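What you see is a predicted model, and the numbers here were worked out from it, not measured in a lab. What's counted below: heavy atoms across the whole structure, side chains too, no hydrogens, waters or symmetry copies. Throughout, residue positions are numbered sequentially from 1 according to the sequence presented.
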Amino acid sequence: MKFCTMAKMLTLRLLGSPSFWVNGAPLTGLRYPQGRKLLAYLALQQSQSVERIYLAGLFWPDTNEAQALFYLRRVLSDLRKAMGEEAWRLLSPTARTLALDLTQAECDVFGGGIDTELLLQGWTEDWVLSARQALQSAKPALRTTPRFLGRDELLKSTLAALPMAPVVTLTGPGGVGKTRLARAVVQSLQATGASVGFVSLASLPPTSESTLEELWHTLATALDVPTAALATQLKRRSTLVVLDNCEQVCAACAALIAALPGVRFLATSRIPLGCEGEQLLAVPPLELNTAAMLFREHAATLGVACPHDAHDASVEAICQSVDCLPLAIELAASRLTLMSAAQLRERLGTPLRLLRRSQTSPGETPRQATLEATIRWSYSLLPESERLAFIRLGVFQGEWSLEAAEAVLETPDADTLLESLARQSLLVVSRTASGEPRFHFLETIREFARSPCAEPAPARAAHAHAHYFYALAQRARPEQREGVQQLEAARHEFATALAWFEINSPIAGIELMLALETFWIRLSSGFPSHACLTRLLSAACSDLALPQRMQAQRLLAALTLDYSEAQRLLTEAHSLALQHALERERGYCLLALCLLEKQRDADAVRRYAQEAHACFTHQDDLAGQAYALEYLAVAALCQARLGEAEQGYTQFLVLARQLESHISTGDALYGLAQVLIFQERYTEAEPVTHEALLQMPDEMGQANVRYLLGELARHTGHPAAALPHYAEALRLCHDNTIHVLPAFIERSRAIVLADQRDFAAAWASVQAALVEFRRYRIGAQLGSTLAEMAWIAHREGKPREAQAFFEQAAQAPPRDIRHPRDEARLQIF
């Protein structure tokens, strides 16, 4: 229980130079400057919660998400420690949010009548400038109608097309804004004095024998013209007639337009009308930035202010989850009267259930009151065969090819069904760089296809989907560029297939993972977890053949962060291979042990690689020999035996090219470039590095080479050019939790930042590197990293801290001294 005293227990002075007081004494003891800024930012939110991921992006915008969240946790812990008894004010309303409780606290910002230019004086971050503007205009929000955002070019295109064709049809999925665009056309033309009639057809029933007659009557009523004189009057006026919501009466609309050859029409429909001379204009979803602006403007009409900071993750995430559809954005914004943007974001896993209105607006049909009803309307117009295809295609998680659709639909007419669904704006068609068509649902439409709103999907669809991607995994070659591209495009489908196999056929699930062993390990995001393979192995029990069980243990070891457990799995698999005289499996167990010890014990890597090379030579296995040569070169490189490493990588490159393996060729070139950089042969290293980048077909390989390009720039006197390469390398490997490359990148990045005297960022990077090296138990790099910390402290003018770090470095395992210039830089000690 907290007891109130006459003195404020927390005082925040945010006008002028910021200062913070706890129980009457200045807040001291903060190790990180971001702690003061975090406290100020939370105070300005007036006890409102803020998402952690938003704060991470706000204060560390140039850092990947996982590391930014790590830095936030560290700063938060430091701030809580410094606040002592008042640390209770730093709340976590949910696991993902933070807030500052200002009960009985004093803050000089909220008294009114202040000079906003004094707010956080001396701080120049974007969020500070935004806060000053927000305080300056702190008054009740004006409830205005959201602007016609993001459609100016489309409006111009529509107006330009109208004189050129007898009918222009605006097509697109429900909720994309076709009606609103049509109304904007009407307003533009009426402003010029043109005669325009707007006719809504949403209330007409689907096509029947009497529909054409009803359509004539509806048109005459809307335009206030007698039905008998309709054709004469329209031709005389040289009118544009807008037919809105034509999809359920397309045939009748086509007949009407044919009967009025002198009249120009603008139609909105999810389906082309099929008229002679019809020009189609597709209305796409909004761009993300535009969608976010529209969301904020809808929120403003409700008197709700949303953050305008460039790093506002909540609003963009909301817009993405509803496919940037204007109707969905409006419906989502309407929920802000009940919850915050962060809370809305958390609940948008099922947008169809959440995005609904209790009543319709004037001129709005009931089917526009919910996104679900909008999609259901399109679904209800499909013939039975297309409904079934629509539901079966809902089994796909991402994009799919024509061949995959044929397998899931189990019909030779798959192309016809896909074409029809695309024509009716239920399916999005795109093309790869090579021109191959790809298909996908918008997320909201996909959710409908999987929901109880539609008929249950046949069990055959999931069965066919899983077996198609099982077959794809078996025939794809993950070491080739084309194979990697195939597998990358299907990686979400592999996860879906594995979920089906886990229940229905665990052995097939294991076989699927094993077929993609190289792909899983090198993929930068989206690979199945250690837990997934563990469950599959548990379900398969003793039915798994010994070679498969050993291969599965190798993959399990590669996917675990627990070094001892990985070592146990691999040692057990190696013993089984020896016991049962499985020479090929023994060789690959030895290679897996090389990978495990790669950053820990170069002598062990050399020993295992030599044994593996002898094994594969006896088996006449060129691929195995190539991998063994790579690890022999790695061991030589780690021990600074650079001539031997160069020879090893050269031999590895010869075999890789003979095998026509893009991944192995890229790895060999990458290793050779490393050796040349360590030898300071930069002129030779540059073309080799660029060739490696061209060869690498996967993101993890590209991340390695990007890091090397950064190192080249750093060592040749272009540190500013190194930072973008480091940033790109971090981006490429941001989700890979089984690779230590980010630690090396952060250490090099810290050196550049310290040279640029950005010591706060340098410390954040080098400490992140130290944490990762310790997490992976890579002792050989701890000494180097601690030495870098000593050097940074020295550069910052902190000799005592520098000496302390150097003493720690001296007690750590030997430093990585392969690069002479880095070692020379550290000789100050």
Step-by-step side-chain contact (heavy atoms from CB on, under 4.5 Å) determination, Gln424 to Ser378 | CA-CA 8 Å; Gln424 296 175 80; Ser378 293; over 6 Å; no

Stepwise side-chain contact (heavy atoms from CB on, under 4.5 Å) check, Ile257 with Val263 = CA-CA 8 Å; Ile257 292 168; Val263 182; over 6 Å; no

Step by step, would you call Met696 with Ile663 a side-chain contact (heavy atoms from CB on, under 4.5 Å)?
-> CA-CA 6 Å; Met696 287 293 190; Ile663 279 185; 5.8 Å; no

Evaluation steps, side-chain contact (heavy atoms from CB on, under 4.5 Å), between Val185 and Val242 | CA-CA 9 Å; Val185 169; Val242 179; 5.7 Å; no

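How far CG of Asp667 is from NE2 of His662: 13.0 Å, rounded to the nearest 0.5 Å. The distance from atom SG of Cys319 to atom CG of Leu294, rounded to the nearest 0.5 Å, is 7.5 Å. To the nearest 0.5 Å, the span separating CD on Glu399 from OG1 on Thr432 amounts to 9.5 Å. Distance check, rounded to the nearest 0.5 Å: OG1 of Thr268 to CG of Leu201 gives 8.0 Å. Going from atom CZ of Arg183 over to atom CZ of Phe198 covers 4.0 Å, rounded to the nearest 0.5 Å. Once rounded to the nearest 0.5 Å, the distance linking CD of Glu436 with CD of Gln486 reads 8.5 Å.
In this structure the side chain of Lys178 never reaches within 4.5 angstrom of the side chain of Asp244, judged on heavy atoms. By the 4.5 Å heavy-atom criterion applied to side chains, Arg481 and Gln485 are counted as neighbours. Residues Cys324 and Glu287 are not in side-chain contact: their nearest non-hydrogen atoms beyond the backbone lie 4.5 Å or more apart. At least one side-chain heavy atom of Glu660 sits under 4.5 Å from a side-chain heavy atom of Gln480. For the pair Phe494 and Leu487, the minimum side-chain heavy-atom distance is below 4.5 Å. Residues Val199 and Thr218 are in side-chain contact: their nearest non-hydrogen atoms beyond the backbone lie under 4.5 Å apart. Counting only heavy atoms from C-beta outward, the side chains of Trp500 and His463 approach each other to under 4.5 Å. You'll find the side chain of Leu266 reaches within 4.5 Å of the side chain of Thr158, heavy atoms only.
Remark: Arg706 pairs with no residue by the salt bridge (Lys or Arg N to Asp or Glu O under 4.0 Å) rule, at least two apart or across chains. With sequence neighbours left out, the side-chain hydrogen bond (donor to acceptor under 3.5 Å, both in side chains) criterion links Gln397 to Arg450. By the side chain to side chain contact (heavy atoms under 4.5 Å, CB included) test, Pro173 pairs with Val176, Leu325, Ser425, Leu442, Ile445, sequence neighbours left out. A search for side-chain hydrogen bond (donor to acceptor under 3.5 Å, both in side chains) contacts involving Ser661 returns Ser664, not counting sequence neighbours. By the salt bridge (Lys or Arg N to Asp or Glu O under 4.0 Å) test, Arg657 pairs with Glu691, sequence neighbours left out. Applying the side-chain hydrogen bond (donor to acceptor under 3.5 Å, both in side chains) test to Tyr470 and every residue at least two apart in sequence or in another chain returns Glu511. Every residue was checked against the salt bridge (Lys or Arg N to Asp or Glu O under 4.0 Å) condition with Arg264, not counting sequence neighbours, and none meets it. Partners of Glu386 by salt bridge (Lys or Arg N to Asp or Glu O under 4.0 Å), not counting sequence neighbours: none found. Qualifying ring pair (Phe, Tyr, Trp, His ring centres under 6.0 Å) partners for His440, counting only residues two or more places apart in sequence or in other chains: none. In terms of the ring pair (Phe, Tyr, Trp, His ring centres under 6.0 Å) criterion, residue partners of Phe396 (sequence neighbours excluded) are, by chain and number, Trp400, His465. Taking Arg535 as the reference, Glu502 meet the side-chain hydrogen bond (donor to acceptor under 3.5 Å, both in side chains) condition, with sequence neighbours excluded.
Side chains of Ser157 and Glu153: no donor on one and acceptor on the other come within 3.5 Å. Side chains of Thr169 and Glu278: a donor-acceptor N/O pair is present below 3.5 angstrom, by distance only.
The backbone N or O of Arg584 sits nowhere less than 3.5 Å from a side-chain atom of Asp621 that would complete a donor-acceptor pair. Counting only distance, with no hydrogens or angles, the side chain of Ser401 and the backbone of Ala404 share a donor-acceptor pair below 3.5 Å. At distances below 3.5 Å, at least one donor-acceptor pair connects side-chain atoms of Thr534 with backbone N or O atoms of His530.
For the pair Pro261 and Ala258, the tightest heavy-atom approach, listed with the atom from each and the gap, is CD-O, 3.8 Å. Taking every heavy atom of both residues into account, Ala626 and Leu659 meet most closely at CB-CD1, 4.1 Å. Contact between Gly172 and Arg270 at its shortest, heavy atoms only, is O-CG, 3.4 Å. When every heavy atom of Ala552 is checked against every heavy atom of Leu537, the shortest pair comes out as CB-CD2, 3.7 Å. Taking each heavy atom of Ala449 and Ile391 in turn, the nearest pair found is O-CD1, 3.7 Å. Minimum heavy-atom separation, Ala497 to Phe469: CB-CB, 4.5 Å.
With salt bridges taken as basic N to acidic carboxylate O contacts below 4.0 Å, one links Glu728 and Arg731.
Between Phe448 and Phe390, the ring planes lie tilted relative to each other; the angle falls in the 30° to 60° range.
A distance below 6.0 Å separates the ring centres of Phe501 and His467.
Applying the salt bridge (charged side-chain N to carboxylate O under 4.0 Å, His left out) test to every pair with at least one member in residues 407-426, sequence neighbours left out, gives these pairs: Arg392-Glu410, Glu410-Arg460.
Residue Ile510 is tested with Leu498, Leu544, Leu555 for a side-chain contact (heavy atoms from CB on, under 4.5 Å); the sole match is Leu544.
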